[in-house]
Amino acid sequence: MIEVTGQINDVRRRVGEREMEAGTARAVVISQTYAAPVEDVWDAVTSPERIPRWFLPVSGDLRAGGRYQLEGNAGGTVERCDPPKSFFATWEFAGQTSWIEVRLTPEEGGRTRFELEHITHVDDHWEQFGPGAVGVGWDMGLLGLSLHLSTGKDVPADLGPEWQASDEARAFMTGCAEGWYAADAASGTPEAEARARADRTIAAYTGSVE
């Protein structure tokens with residue numbers, strides 16, 4: 001069993017804007033503080049040997065200017081890298097390009113605040129599902145990272161298709177989507193619109209019928 005309620009509450013979610021060369025984009029920001037030093041967290045999120053232990057198998061050149069590919073998911077180019085503080089990369093998936101930035105901040109007691117910002121231009125997908133469309137997926141990633149850092153174990157199999165079809169996983173994804181609903185509404189989206197988008201996100205992730 002995974003203590004999903006505590007994980008949902010430990011994560012902070014925010015929706016904002018970011019100026020890009022192509023114009024103003026929407027920014028989905030997710031963060032969590034881990035009881036691990038910044039060097040360990042940096043290694044966990046940048047080492048090609050370690051990323052598969054909590055996320056997905058990755059190939060390519062994980063250095064500034066290099067290309068990467070996550071198995072069955074996005075690929076892209078590492079555009080900036082400032083170890084052990086941050087990296088910025090394109091996120092290329094299904095013919096669309098967005099961007100991710102990961103920032104690590106040391107905190108008292110040897111802890112580290114992990115923050116990920118996913119930047120995307122508004123399109124039909126955003127209008128339909130809102131921030132939860134990518135946000136819930138990143139919540140899954142932070143859950144894997146949390147379990148890996150706290151136990152030192154490999155966790156992807158524990159969060160695989162069998163778990164994702166469980167009542168526990170559906171409760172987790174629903175709770176995360178509710179968190180993104182609150183963040184969407186707090187960003188200025190009309191409440192009814194944010195609610196409808198969150199409901200569609202929940203249905204998409206859990207297979208429920210609206």
Side-chain angles (χ1 to χ4, degrees), residues 11-33 38 41-42 44-46 48 51 55-56 58-106 112-142 144-145 176-177 179-191 193-198 200-201 204-205:
V11 169
R12 297 292 174 264
R13 303 167 186 84
R14 178 170 56 85
V15 179
E17 294 182 343
R18 182 154 168 174
E19 293 297 326
M20 306 293 288
E21 289 185 7
T24 302
R26 298 295 276 173
V28 173
V29 185
I30 184 169
S31 63
Q32 184 172 5
T33 297
V38 67
V41 181
W42 177 261
V45 301
T46 61
I51 292 171
F55 194 43
L56 292 168
V58 63
S59 59
D61 186 8
L62 303 187
R63 294 180 295 177
R67 294 280 302 176
Y68 73 92
Q69 179 64 53
L70 291 161
E71 186 176 294
N73 205 295
T77 299
V78 180
E79 296 191 343
R80 298 195 304 270
C81 187
D82 182 18
K85 298 177 181 179
S86 66
F87 68 82
F88 185 90
T90 62
W91 185 263
E92 302 167 23
F93 183 72
Q96 301 292 321
T97 298
S98 53
W99 303 265
I100 59 168
E101 184 169 20
V102 169
R103 299 181 287 266
L104 303 184
T105 305
T112 301
R113 183 172 184 266
F114 169 98
E115 183 173 77
L116 183 143
E117 184 173 5
H118 192 146
I119 307 146
T120 183
H121 289 292
V122 173
D123 57 11
D124 291 343
H125 194 257
W126 177 279
E127 295 290 358
Q128 184 177 5
F129 295 102
V134 297
V136 174
W138 287 121
D139 265 294
M140 294 281 289
L142 265 65
L145 181 58
C176 294
W180 287 111
Y181 155 70
D184 196 12
S187 75
T189 301
E191 188 170 338
E193 182 180 339
R195 179 70 266 165
R197 300 201 298 196
R200 287 190 285 268
T201 296
Y205 272 99

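In what follows, residues are counted from 1 in the order of the sequence shown. Please read these numbers as outputs of a predicted model, since none were measured by experiment.
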Shortest non-hydrogen contact from Thr189 toward Ala194: CG2-N, 3.8 Å
Considering all heavy atoms, the nearest Leu56-Ile51 contact: O-CG2, 3.6 Å
Thr90 (side chain) donor-acceptor with Thr77 (main chain) under 3.5 angstrom: yes
Arg18 atom CZ, neighbour heavy-atom count above 12 within 6.0 Å: yes
Side chains of Trp91 and Asn73 in contact at under 4.5 Å (non-hydrogen atoms): yes
Steps toward side-chain contact (heavy atoms from CB on, under 4.5 Å) verdict (Val134, Thr120): CA-CA 10 Å; Val134 297; Thr120 183; 5.8 Å; no
Short side-chain donor-acceptor distance under 3.5 Å, Tyr68 and Glu92: no
Nearest-0.5 Å distance, CD of residue Glu117 to CZ of residue Arg103: 4.5 Å
Rounded distance (nearest 0.5 Å) linking atom CH2 of Trp180 with atom CZ of Arg14: 9.0 Å
Test item: Arg26 and Val15 side chains (from C-beta on) under 4.5 Å apart, heavy atoms: yes
Verdict with supporting geometry, Glu127 and Val122, side-chain contact (heavy atoms from CB on, under 4.5 Å): CA-CA 7 Å; Glu127 295 290 358; Val122 173; 3.3 Å; yes
Cationic N near anionic O, under 4.0 Å, Glu191 to Arg195: no
Any side-chain heavy-atom pair of Ser31 and Arg113 under 4.5 Å: yes
Taking every non-hydrogen atom, the tightest pair across Val38 and Pro84: CG2-O, 3.6 Å
Within-4.5 Å side-chain heavy-atom neighbours: Glu101 and Phe88: yes
Audit row: Ser98, His118, side-chain contact (heavy atoms from CB on, under 4.5 Å) steps and yes/no: CA-CA 7 Å; Ser98 53; His118 192 146; 2.8 Å; yes
Exam field: side chain Thr201 to backbone Phe129, donor-acceptor pair closer than 3.5 Å: yes
Minimum side-chain heavy-atom gap Leu116-Trp138 below 4.5 Å: yes
Any side-chain heavy-atom pair of Phe55 and Leu70 under 4.5 Å: yes
Over 12 foreign heavy atoms within 6.0 Å of CD, Glu71: no
Nearest-0.5 Å distance, CD of residue Gln96 to NE2 of residue His121: 10.5 Å
Donor-acceptor under 3.5 Å (Gln69 side chain, Ala74 main chain): yes
Side chain proximity check, Arg197 to Trp126, heavy atoms < 4.5 angstrom: yes
Shortest non-hydrogen contact from Ala133 toward Tyr205: O-OH, 2.7 Å
Heavy-atom pair with the smallest gap, counting every atom of Ala198 and Tyr181: CB-CB, 3.6 Å
Gap between atom CG of Leu142 and atom SG of Cys176 - 0.5 Å precision: 9.5 Å
Closest heavy-atom pair and its distance - Arg13, Ala183: O-CB, 3.8 Å
Flag side-chain contact, heavy atom, 4.5 Å: Glu19 against Thr24: yes
